[in-house]
Undergrad: 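Pasting a structure below so you can have a look.
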Amino acid sequence: MDCLGVIGYGQMGSMLVNGFLASGVLRVDEVVVSSKSQKSRDACAAAWPGISIVATNAELARRCRMVIIAVRPQEIAGILDEIVPVMDGGKHIVSLATGVGLEGLEAAFTGPVTRVVPTVTSRVGQGTTLICHGRQVGMDDALRVERLFSSISDVVLVEESNLPVATFLSSCGPGLLAAIIEELAGAASRAGGLSTDQALLLATRMVAATAAYLRETGETPPDLIRRVATSGGITKVGVQELQRRLPGTFDEVFAAMLEQHDALRVDGYRP
Ligand SMILES: NC(=O)c1ccc[n+]([C@@H]2O[C@H](COP(=O)([O-])OP(=O)(O)OC[C@H]3O[C@@H](n4cnc5c(N)ncnc54)[C@H](OP(=O)(O)O)[C@@H]3O)[C@@H](O)[C@H]2O)c1
């Protein structure tokens, strides 16, 4: 009864199961998994011999006190239809589905509900998981979720109204930054001298080192810019070029992501 259920062994579901078990915060006999395809169930069984893999989501919900739903937003209504009838208010639903609000989840299930936004960088124990608890979540349930996710990342509690933009930074961010790294490396190799692979390696190391520098020194980005972009120097010219173009570009990036977020929103739960 006190085990954790994970519905969906895809990108996020497998990352969470692997992270929780590898960190030691849970034992294999404390986790139950269900997934739609035999391929995903086989992958889970191969990665974690002895783990409980069940045939139906209802069976998982019957056995587990906390159920993490790691499926795409459009699949969540079907999953709730299967699990809610076998769940009492002592159980806890944790949803990863972007765009499915607490209001809709609470309309489907009267017990405690939490929204969680993980990030792919938790595969390497880095990044921030965003957590937003519903009204019915008590202190013990809240701490249990926060402790679980602290085993694979930093954790930040967020108001639901701030979740979209916080998600763009912490969860979409790795994709955005990867695109920037690729463009930096591309520009370097087009400018001459370096192969694409060499440029990509240097750019990736530089980004990791810059993030570590800012974190460890406590300097702000303007502090760092002042150190590097000396008057009349090369860096200053590059930084000025970026500062001229980037605000408009990033405003457009965020506007496009907000528009897509609203288009994907699943408003309310429709039985
Ligand atoms: N990817 C990210 O970086 C990220 C970040 C933050 C939040 N999220 C959210 O996390 C959720 C999962 O994303 P993802 O990237 O992990 O997607 P994904 O790789 O497509 O995984 C979705 C999983 O759902 C499973 N599934 C679908 N229908 C099911 C059913 N009826 N019963 C059981 N399992 C079912 C699929 O099973 P099979 O594999 O067996 O077919 C698949 O493993 C999404 O709601 C997304 O918004 C994702």
Side-chain angles (χ1 to χ4, degrees), residues 4-20 31-48 51-64 67-87 93-102 104-105 108 113-124 126-132 145 148-149 152-156 158 160 162-179 257 260-267 269:
L4 172 79
V6 179
I7 298 180
Y9 195 75
Q11 289 274 349
M12 290 294 110
S14 62
M15 180 186 84
L16 299 185
V17 171
N18 294 341
F20 297 152
V31 180
V32 179
V33 173
S34 65
S35 207
K36 198 161 153 185
S37 70
Q38 190 61 44
K39 190 171 166 223
S40 294
R41 295 194 293 266
D42 288 348
C44 182
W48 297 102
I51 199 167
S52 251
I53 300 172
V54 290
T56 67
N57 297 322
E59 187 185 344
L60 178 145
R62 248 182 241 110
R63 284 178 55 179
C64 299
V67 176
I68 296 182
I69 309 179
V71 303
R72 298 269 172 100
Q74 59 272 24
E75 281 144 359
I76 200 149
I79 303 282
L80 290 170
D81 279 341
E82 291 175 62
I83 65 172
V84 168
V86 300
M87 296 184 80
I93 290 180
V94 176
S95 168
L96 266 52
T98 310
V100 181
L102 285 173
L105 295 167
V113 170
T114 296
R115 288 183 65 187
V116 165
V117 183
T119 168
V120 72
T121 56
S122 292
R123 280 195 188 281
V124 293
Q126 303 271 335
T128 303
T129 301
L130 306 172
I131 296 183
C132 177
V145 177
L148 264 181
F149 283 89
I152 58 164
S153 65
D154 291 325
V155 158
V156 168
V158 190
E160 191 171 36
N162 294 331
L163 209 50
V165 170
T167 297
F168 299 164
L169 286 175
S170 69
S171 182
C172 307
L176 302 179
L177 197 51
M257 293 200 296
Q260 181 67 0
H261 174 269
D262 289 347
L264 292 177
R265 194 152 62 195
V266 180
D267 279 323
Y269 167 66

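Whatever order the structure lists them in is the order used to number ligands and atoms, beginning at 1. The figures that follow rest on heavy atoms only: side chains count, while hydrogens, waters and symmetry mates do not.
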Undergrad: Any idea which atoms of ligand 1 are less than 4.0 Å away from a heavy-atom of Asn57?
TA: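 In order of numbering, the contacting atoms are 30 (C), 31 (N), 32 (N), 33 (C).
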Undergrad: How far is atom 31 (N) of ligand 1 from its nearest protein heavy atom, and which residue and atom name does that atom have?
TA: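 Its nearest protein heavy-atom neighbour is Ile79 CD1, 3.5 Å.
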Undergrad: When you look for heavy atoms under 4.0 Å from ligand 1, do you find them on the side chain of Ser40, its backbone, both, or neither?
TA: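 The answer is the side chain.
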Undergrad: Starting from atom 9 (C) of ligand 1, locate the nearest protein heavy atom and write down its residue, its atom name and how far away it is, to 0.1 Å.
TA: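 Heavy-atom neighbour on the protein nearest atom 9 (C) of ligand 1: Leu96 O, 3.2 Å.
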Undergrad: Among Ser171, Ser37, Ser35, whose heavy atom sits nearest atom 41 (O) of ligand 1?
TA: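 Nearest option to atom 41 (O) of ligand 1, by heavy atoms: Ser37.
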Undergrad: How about Gln11 and Arg123: do any of their side-chain heavy atoms sit closer than 4.5 Å?
TA: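 Answer yes - side chains close enough.
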Undergrad: Among all protein non-hydrogen atoms, which one is nearest to atom 17 (O) of ligand 1, and what is the separation to 0.1 Å?
TA: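 Nearest protein contact, heavy atoms only, for atom 17 (O) of ligand 1 is Arg72 NE, 3.3 Å.
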Undergrad: Starting from atom 16 (O) of ligand 1, locate the nearest protein heavy atom and write down its residue, its atom name and how far away it is, to 0.1 Å.
TA: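 Among all protein heavy atoms, the one nearest atom 16 (O) of ligand 1 is Met12 N, 2.8 Å.
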Undergrad: Tell me which part of Glu75 gets within contact of ligand 1: side chain, backbone, both or neither, using heavy atoms under 4.0 Å.
TA: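 Looking at Glu75 and ligand 1, just side chain atoms fall under 4.0 Å.
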Undergrad: Applying a heavy-atom cut-off of 4.0 Å, say which part of Thr119 lies close to ligand 1: side chain, backbone, both or neither.
TA: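 Under 4.0 Å from ligand 1, Thr119 contributes no heavy atoms.
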Undergrad: Under a 4.0 angstrom heavy-atom cut-off, which atoms of ligand 1 come close to Ile7?
TA: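 Ligand 1 atoms under the 4.0 Å threshold to Ile7: 33 (C).
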Undergrad: Evaluating non-hydrogen atoms only, which member of Gly10, Gly78, Pro118, Cys44 is closest to atom 7 (C) of ligand 1?
TA: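 Looking at heavy atoms only, Pro118 sits closest to atom 7 (C) of ligand 1.
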Undergrad: Specify the protein heavy atom at minimum distance from atom 19 (O) of ligand 1: its residue, its atom name, and the distance to 0.1 Å.
TA: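 Protein heavy atom with the smallest distance to atom 19 (O) of ligand 1: Gln11 N, 2.9 Å.
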Undergrad: Do Leu130 and Asn162 have side-chain heavy atoms sitting under 4.5 Å apart?
TA: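 No, too far: nothing below the 4.5 Å cut-off.
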Undergrad: Taking all non-hydrogen atoms of both residues, which atom of Ala47 and which atom of Tyr9 are closest, and how far apart?
TA: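 Nearest pair, atom of Ala47 first, then Tyr9: CB-OH, 3.9 Å.
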Undergrad: If you count the atoms of ligand 1 from 1 in the order shown, which ones are under 4.0 Å from a heavy atom of Ala70?
TA: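 What qualifies from ligand 1 is 12 (C), 22 (C), 23 (C), 24 (O).
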Undergrad: Is the backbone N or O of Ser170 less than 3.5 Å from a side-chain atom of Thr119, with the two atoms forming a donor-acceptor pair by type?
TA: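 Checked: pair present.
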Undergrad: So, does Thr121 use its side chain to make a donor-acceptor pair with the main chain of Gln126 at under 3.5 Å?
TA: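 Between the backbone of Gln126 and the side chain of Thr121 there is a qualifying donor-acceptor contact (under 3.5 Å).
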Undergrad: Side-chain contact test, heavy atoms from C-beta onward, threshold under 4.5 Å: evaluate it for Pro118 versus Leu96 and give yes or no.
TA: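 A side-chain contact under 4.5 Å exists here.
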Undergrad: Output all residues satisfying salt bridge (Lys or Arg N to Asp or Glu O under 4.0 Å) with Arg41, sequence neighbours left out; order by chain, then residue number.
TA: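 Here no residue qualifies.
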Undergrad: Measuring from atom 28 (N) of ligand 1, which candidate in Lys36, Lys39, Arg41 has the nearest non-hydrogen atom?
TA: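 Checking each option, the heavy atom nearest atom 28 (N) of ligand 1 is found in Lys36.
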Undergrad: Using a strict 4.0 Å cut-off to heavy atoms of Pro73, name the atoms of ligand 1 that fall inside it.
TA: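 With Pro73 as reference, the close atoms of ligand 1 come out as 45 (O).
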Undergrad: Ignoring hydrogens, what is the shortest heavy-atom contact between Asp81 and Pro85? Give both atom names and the distance.
TA: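 Where Asp81 meets Pro85 most closely, the heavy atoms are O-CD, 3.2 Å.
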Undergrad: Can you see whether Thr129 engages Ser153 through a side-chain donor-acceptor pair at a distance of less than 3.5 angstrom?
TA: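 Their side chains do contain a donor-acceptor pair, which is all the 3.5 Å distance test asks for.
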Undergrad: Mind checking whether Leu80 and Leu105 have side chains closer than 4.5 Å, heavy atoms only?
TA: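 Of all side-chain heavy-atom pairs linking Leu105 with Leu80, at least one is under 4.5 Å.
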Undergrad: Considering non-hydrogen atoms of the protein only, which is the closest contact for atom 25 (C) of ligand 1, and what is the distance?
TA: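 Nearest neighbour among protein heavy atoms for atom 25 (C) of ligand 1, to 0.1 Å: Gly8 CA, 3.7 Å.
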Undergrad: Hey, looking at atom 46 (C) of ligand 1, which of Thr98, Ile76, Thr129 has the closest heavy atom?
TA: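 Minimum heavy-atom distance to atom 46 (C) of ligand 1 goes to Thr98.
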Undergrad: Any idea which atoms of ligand 1 are less than 4.0 Å away from a heavy-atom of Val71?
TA: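 So the atoms of ligand 1 that pass are 11 (C), 12 (C), 24 (O), 25 (C), 26 (N), 35 (C), 44 (C), 45 (O).
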Undergrad: Quick one: which of Leu102, Ile93, Val158, Val94 gives a side chain to side chain contact (heavy atoms under 4.5 Å, CB included) with Arg115?
TA: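 Only match with Arg115 under side chain to side chain contact (heavy atoms under 4.5 Å, CB included): Leu102.
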